[in-house]
Amino acid sequence: MVSSFAVRERAIDLGFDLAGIAPIGVWKDLEFSRRWVEKGFNGEMRYLENPKRFDPHLVLPSAKSVICVGLVYDTPFPCSSFHLPVSAAATPRAWISRYAWGQDYHEIMRAKLEQLRAALEDLAPAVETRAFVDTGPIVERAFARFSGIGWMGKNTCIINQEKGSWFFLGVILTNLELAPDLPAPDRCGSCTACLETCPTGALVRPYVMDASRCISYFSIELKGSIPELFRPKIGSSVFGCDICQDVCPWNSSHQPSAFSYQQSLSPERQSADEHYVKKAAATKVPQFHPMTFAPIRSTLEEGSACKQLTTDHRQRTTDAASFSLFNPTLDALASFSEDDFRRIFAHSPIKRVKYRGWLRNLCVTMRNSGDERFVPWLERAAQHSDPIVREHAAWALERLRSK
Ligand code: B12
Ligand code: SF4
Ligand code: SF4
């Protein structure tokens, strides 16, 4: 008989920050997920309609328990630029979601989950398991919220009282009969900060997101045209959105390490960030720190290129022209050629958007910056072979010129 304690202990030894056991029967939540899809809240994410998602026995018929693990990706950098409007700085800046600053979490989590599977096989040689991180037909948060590792916040993220919500989830379905942990109590209380600050109204009520209105959906998952109504609300977000987690009191506090980071910022950035700083770094995974690059030529030139400076993401550089994925300038991101994009993001979650999606998103943020220096870049994008890129570039040009 394998104990839940032994499983949790193995997971923590392998470097996971959180581990807990959920029962297989979270049917009420899975039913909620099915109805959520029926309402069309999934937009064009058709994979969320897979019937296997609503019955884990269709994935592993012998499943009796679900091991849930969390891996923190937080790094000691301030919160997103919604406090620093895209046009406020002399050089407009972009926002890339915190989770995508470093190496692809699928790769890192998958390797760790395989180690945990091997550890389970040591404990119980005949064990049956199926491991998932993000991409399988499993509603991961439905299990996570019953595993004791956190409660589901009104922003729909799983939040841990000590770690906040900046962590990835991984789940292992198993035929082992493990004693489930007690669910963590909901500590949102009367707070509604996430609902109030979501720029697109995607959090339609506490605990429920209409994903077809979410900036993460528009900038990562949606392959086609971003509805015009929402484009101005995307602000400086080139990839994903962190706002409803940035405002969450379980993620932020005034900590000395964030203060020391601030000392290295220009006075302009310091005053923009002073009211909202990130708490101390929590990730133990160096690969989650922001990638750093050096431009090879002037960034807004046609065909210019960048090289990745370091694979040790913690390494800071003294080269003034270098930049990282933490709040980079828009023109630095616009300098990536298609080859750069493929090479640089080969092991990054950003590759999911593909180069055409990257250019589409840049067109929207350039327009939102109101900066006419982007006109030549947008004129070239308006000639691109992809119709979606052309359409977004033309939209941006029209508005920048009329300004
Ligand atoms: C599709 C998807 C998205 C979509 C939709 C998100 C959403 N809220 O549904 C988009 C593209 C918008 C998205 C965005 C992000 N995502 Co995402 N996403 C997923 C994915 C693949 C499926 C989520 C899903 O099933 N949604 C459908 C809804 C119904 O499910 P759910 O939100 O999990 O809902 C539960 C609750 O809503 C609950 N519920 C709500 N109300 C009620 C009411 C009642 C009565 C009941 C019973 C239940 C209930 O029921 C559901 C089950 O418990 C999961 C991985 C996976 N396979 O599960 C990652 C996942 C949820 N995403 C993750 C992350 C990190 C993000 C982003 C932070 C990335 C970014 N910065 O851009 C944002 C966060 C935005 C946010 N506030 O959630 C992490 C979340 C980690 C965490 N700590 O919670 C996951 C788990 C991936 C992973 N393996 O780490 N994501
Ligand atoms: S990720 Fe951004 S757009 Fe999506 S619900 Fe949160 S605040 Fe709203
Ligand atoms: S911002 Fe407030 S309501 Fe939203 S998830 Fe965090 S604690 Fe809950």
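Each ligand, and each atom within it, is numbered from 1 in the order the structure gives. These numbers were taken from a predicted model, which means no experiment stands behind them. Just the heavy atoms: all of them, side chains too, but no hydrogens, waters or symmetry mates, feed the values below.
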Q: Do any N/O atoms on Asp29 end up under 3.5 angstrom from N/O atoms on ligand 1?
A: yes

Q: Side chains of Ser337 and Asp339: is there a donor and an acceptor less than 3.5 Å apart?
A: no

Q: Tell me which protein heavy atom sits closest to atom 7 (C) of ligand 1, plus the residue, atom name and distance to 0.1 Å.
A: Arg141 NH2, 3.2 Å

Q: Which residue holds the protein heavy atom closest to atom 11 (C) of ligand 1, what is that atom called, and what is the gap in Å?
A: Glu221 CG, 3.7 Å

Q: For Asp74 and Thr283, does a side-chain donor sit closer than 3.5 Å to a side-chain acceptor?
A: no

Q: When you look for heavy atoms under 4.0 Å from ligand 3, do you find them on the side chain of Leu195, its backbone, both, or neither?
A: neither

Q: Tell me whether atom 91 (N) of ligand 1 lies less than 4.0 Å from at least one protein heavy-atom position.
A: no

Q: Would a search of protein heavy atoms around atom 16 (N) of ligand 1 find one under 4.0 Å away?
A: no

Q: Return the closest protein heavy atom for atom 27 (C) of ligand 1 as residue, atom name and distance.
A: Trp36 CZ3, 3.4 Å

Q: Between Arg367 and Glu228, does any side-chain N to carboxylate O distance fall below 4.0 Å?
A: no

Q: Is the distance from atom 6 (Fe) of ligand 3 to the nearest N/O/S atom of Cys248 under 2.8 Å?
A: yes

Q: Checking Asp386 against His384: is there a side-chain donor and acceptor pair closer than 3.5 Å?
A: no

Q: Provide, to 0.1 Å, the distance between atom 72 (O) of ligand 1 and the closest protein heavy atom, together with that atom's residue and name.
A: Ser216 OG, 2.5 Å

Q: Would you sort out whether Phe230 and Phe218 count as a ring pair (Phe, Tyr, Trp, His ring centres under 6.0 Å), showing the intermediate values?
A: CA-CA 9 Å; Phe230 290 104; Phe218 292 134; 4.9 Å; yes

Q: Can you find an N or O of Val208 that's nearer than 3.5 Å to an N or O of ligand 1?
A: no

Q: Is atom 67 (C) of ligand 1 less than 4.0 angstrom from at least one protein heavy atom?
A: no

Q: Tell me which protein heavy atom sits closest to atom 22 (C) of ligand 1, plus the residue, atom name and distance to 0.1 Å.
A: Arg53 NH2, 3.5 Å

Q: Kindly confirm or rule out an N or O of Thr156 lying under 3.5 angstrom from an N or O of ligand 1.
A: yes

Q: Are any of the side-chain nitrogens in Glu31 or Arg34 under 4.0 Å away from the carboxylate oxygens of its partner?
A: yes

Q: Checking contacts now, so for atom 54 (C) of ligand 1, which I'm interested in, is there any protein heavy atom under 4.0 Å?
A: yes

Q: Measuring to atom 4 (Fe) of ligand 3, does Cys194 have an N/O/S atom at a distance below 2.8 Å?
A: yes

Q: With a cut-off of 2.8 Å, how many protein N, O or S atoms neighbour atom 4 (Fe) of ligand 2?
A: 1

Q: What residue and atom, counting heavy atoms only, is the protein's closest point to atom 45 (C) of ligand 1, and at what distance?
A: Phe32 CD1, 4.4 Å

Q: Can you see whether Ser165 engages Asn251 through a side-chain donor-acceptor pair at a distance of less than 3.5 angstrom?
A: yes

Q: To which of Lys28, Met152, Glu31 does the heavy atom nearest atom 38 (C) of ligand 1 belong?
A: Met152

Q: Under 4.0 Å from atom 64 (C) of ligand 1, can you find at least one protein heavy atom?
A: no

Q: From atom 19 (C) of ligand 1, work out which of Asp246, Leu18, Asp134 has a heavy atom at the shortest distance.
A: Asp134

Q: Note the single closest protein heavy atom to atom 5 (C) of ligand 1, along with its residue, its atom name and the distance in Å.
A: Ala211 CB, 3.7 Å

Q: Quick one: does atom 2 (C) of ligand 1 have a protein heavy atom under 4.0 Å from it?
A: no

Q: Can you list the residues that meet the salt bridge (charged side-chain N to carboxylate O under 4.0 Å, His left out) rule with Glu49, with sequence neighbours excluded?
A: Arg46

Q: Protein heavy atom under 4.0 angstrom of atom 78 (O) of ligand 1, is there one?
A: yes

Q: Considering non-hydrogen atoms only, spot the tightest contact between Ile243 and Pro199 and give its length.
A: CD1-CG, 3.7 Å

